[in-house]
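In what follows, chains are A, B, ... by sequence order, proteins preceding strands, each numbered from 1.
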2 protein chains.
Amino acid sequence: MTSPGEQAACGEILHRHGLKNTPARRQVLRLLREGGVLTADDIGERLRDEGRTPDPSTLYRILDLFTARGLAERHYLPDLRKYGFSLKAAGHRHRLICVRCRRVVEIDRCPLEAFEKELRETTRFAITGHNLEWYGLCPDCQAAEARRAESPPDKSGPDGKAQ
Amino acid sequence: MTSPGEQAACGEILHRHGLKNTPARRQVLRLLREGGVLTADDIGERLRDEGRTPDPSTLYRILDLFTARGLAERHYLPDLRKYGFSLKAAGHRHRLICVRCRRVVEIDRCPLEAFEKELRETTRFAITGHNLEWYGLCPDCQAAEARRAESPPDKSGPDGKAQ
DNA sequence: TCTCTAAATGCAACTCGTTTGCATCTATTT
DNA sequence: AAATAGATGCAAACGAGTTGCATTTAGAGA
């Protein structure tokens with residue numbers, strides 16, 4: 001799963017960002033590079049599956065560091081009540097997230113620029129940023145949802161998919 | 001501060017929503033009616049200033065109830081890492097929030113409808129909702145900010161700004 | 001008006017994501 | 001290879017929010 005090439009690539013990226021090249025950091029970076037949005041917990045779980053036993057505090061420290069250095073970005077996932085982290089890719093400012101399987105579609109066009117300019121003018125606010133995410137069900141999960149429609153009535157509410 | 005008229009109005013609103021008219025609920029509703037976005041903590045603090053000693057669990061229960069009944073709505077405030085509550089006003093789906101003084105400008109027009117339709121078609125997602133808020137400094141806070149520009153450098157770091 | 005009961009409240013203990021202090025270990029520099 | 005800045009693991013703490021339970025109370029009914 002972890003090719004030597006990938007390992008080297010991660011090490012190199014860390015160096016380029018002036019960060020020590022440690023095993024934990026390489027692993028976290030590698031997982032993030034697979035794409036998508038991961039919570040600290042997701043990362044811990046995946047590493048545990050690989051036989052590693054990372055401490056949550058270490059993961060948070062690494063993720064905070066990546067975020068501070070502009071390597072990753074963090075955004076709150078209201079459905080899960082925790083933070084998700086993803087590699088920061090220029091131009092990808094917004095996401096469409098499947099609330100079930102967490103699949104992510106990157107939206108590289110921001111439909112708000114014109115509107116925001118107008119807002120700036122009408123309100124005289126110095127707008128520092130905005131927060132925009134879409135939530136929904138991806139096609140696969142819609143199918144799965146339909147299939148389970150007749151099955152056991154679920155108690156946990158339809159939000160489902162905590163992890 | 002709390003006019004009898006206001007009290008009565010709150011009681012009446014509670015009744016209209018099929019909710020018991022208790023002192024705690026009237027107080028919470030009254031504060032929400034003053035406008036803006038309040039955290040459970042904000043509400044507790046204000047009530048404490050008035051000599052009341054509300055229990056946090058009660059406040060949360062009331063706010064959850066208001067939210068469930070469609071009287072209020074809840075949204076996460078990334079800067080504060082907690083939930084804010086506000087009265088739900090039809091048509092007011094988005095907000096521009098001053099990160100300093102918490103002043104709120106309601107945005108009654110959603111610039112995303114057309115874009116979202118397009119998104120639905122291109123991704124085949126069943127979009128269930130979106131999350132959109134703007135953050136910035138209101139004119140007053142910009143002035144205050146400029147004034148304190150030379151004053152003590154702040155320790156808390158302006159990193160902030162989720163997006 | 002008084003009584004009854006479902007529901008609201010207060011309290012304390014708890015959950016869980018995240019953070020912090022500290023001792024130990026390790027990647028990088030010399 | 002030795003030195004050292006800083007990375008890690010561990011355990012304890014933090015804070016927003018939640019829950020169980022005993023007590024109180026709003027509102028319905030007699």
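- Taken together through direct or relayed side-chain contacts under 4.5 Å among Ile, Leu, Val, Met, Phe, Trp and Tyr, B:L87 and B:L38 form part of one hydrophobic cluster.
- One can place CG of A:L38 at 15 Å from P of C:dG17, the figure rounded to the nearest angstrom.
- Separating the CG atom of B:L47 from the P atom of C:dG10 is a distance of 10 Å, rounded to the nearest angstrom.
- In this structure, B:A40 and B:L59 approach most closely via the heavy-atom pair O-CD1, 3.6 Å.
- The separation between B:K82 atom NZ and C:dG17 atom C1' is 16 Å, rounded to whole Å.
- The nearest heavy atom of DNA chain D to A:D55 and to B:S57 marks one nucleotide each, and the one closer to the 5' end goes with A:D55.
- Between the NE2 atom of A:H75 and the P atom of C:dG17 there is a distance of 18 Å, rounded to whole Å.
- The phosphate of C:dA27 (OP1 or OP2) has no side-chain N or O of A:R25 nearer than 4.0 angstrom.
- Closest non-hydrogen pair, B:K88 versus B:G70, comes out as CD-O, 3.6 Å.
- The stretch residues 55-65 of chain A participates, sequence neighbours left out, in no salt bridge (charged side-chain N to carboxylate O under 4.0 Å, His left out) pair at all.
- Between the CG atom in A:L29 and the CD1 atom in A:I62 there is a gap of 10.0 Å [rounded to 0.5 Å].
- What separates CG of B:L65 from C1' of C:dA8 is a distance of 10 Å, to the nearest Å.
- The two residues B:G18 and B:R69 have their closest heavy-atom pair at O-NH1, 3.8 Å.
- Once you apply a 4.0 Å limit to the heavy atoms of chain B, the touched nucleotides of DNA chain D run 5' to 3' over D:dA16 to D:dG27.
- The nearest whole Å value for the distance from the OH atom in A:Y60 to the P atom in C:dG21 is 18 Å.
- How far CZ of A:R25 is from CZ of A:F66: 7.0 Å, rounded to the nearest 0.5 Å.
- In the displayed structure, A:R33 atom CZ is contacted under 6.0 Å by more than 12 heavy atoms of other residues, nucleotides or ligands.
- Salt bridge B:R16/B:E12: present, at least one basic N to carboxylate O contact under 4.0 Å.
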N/O to N/O distances under 3.5 Å, protein versus nucleotides 23-25 of chain C:
none

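- Remark on DNA chain C: of its neighbouring residues B:I62 and A:R61, the 5'-side contact belongs to B:I62, judged by nearest-heavy-atom nucleotide.
- In terms of heavy-atom proximity, A:R46 sits nearest to A:L31 at CB-CD1, 3.9 Å.
- Using a 4.0 Å cut-off on heavy atoms, the residues of residues 10-21 of chain A that approach DNA chain D are A:K20, listed by number.
- Computed from coordinates, the B:L59 CG to C:dA8 P distance equals 15 Å when rounded to whole Å.
- By the side-chain hydrogen bond (donor to acceptor under 3.5 Å, both in side chains) test, B:R26 pairs with B:N21, sequence neighbours left out.
- In this structure, B:Q27 and B:L47 approach most closely via the heavy-atom pair CB-CD2, 3.7 Å.
- Using a 4.0 Å heavy-atom cutoff across all strands shown, A:T22 reaches sugar-phosphate atoms only and no base atom.
- DNA chain D is contacted by both B:P23 and B:A40; B:A40 maps to the nucleotide lying nearer its 5′ end (nearest heavy atom per residue).
- Residue A:F85 comes nearest to A:L32 through the heavy atom pair O-CD2, 3.6 Å, listed as atom of the first residue, atom of the second, then distance.
- Axis angle between the ends of the helix from C:dT1-D:dA30 to C:dT30-D:dA1, five pairs each and rounded to 10 degrees, works out to 30°.
- Under 4.0 angstrom from either OP1 or OP2 of C:dT19 there lies at least one side-chain N or O belonging to B:R81.
- The side-chain heavy atoms of A:R81 and B:Y83, taken from C-beta on, include a pair separated by under 4.5 Å.
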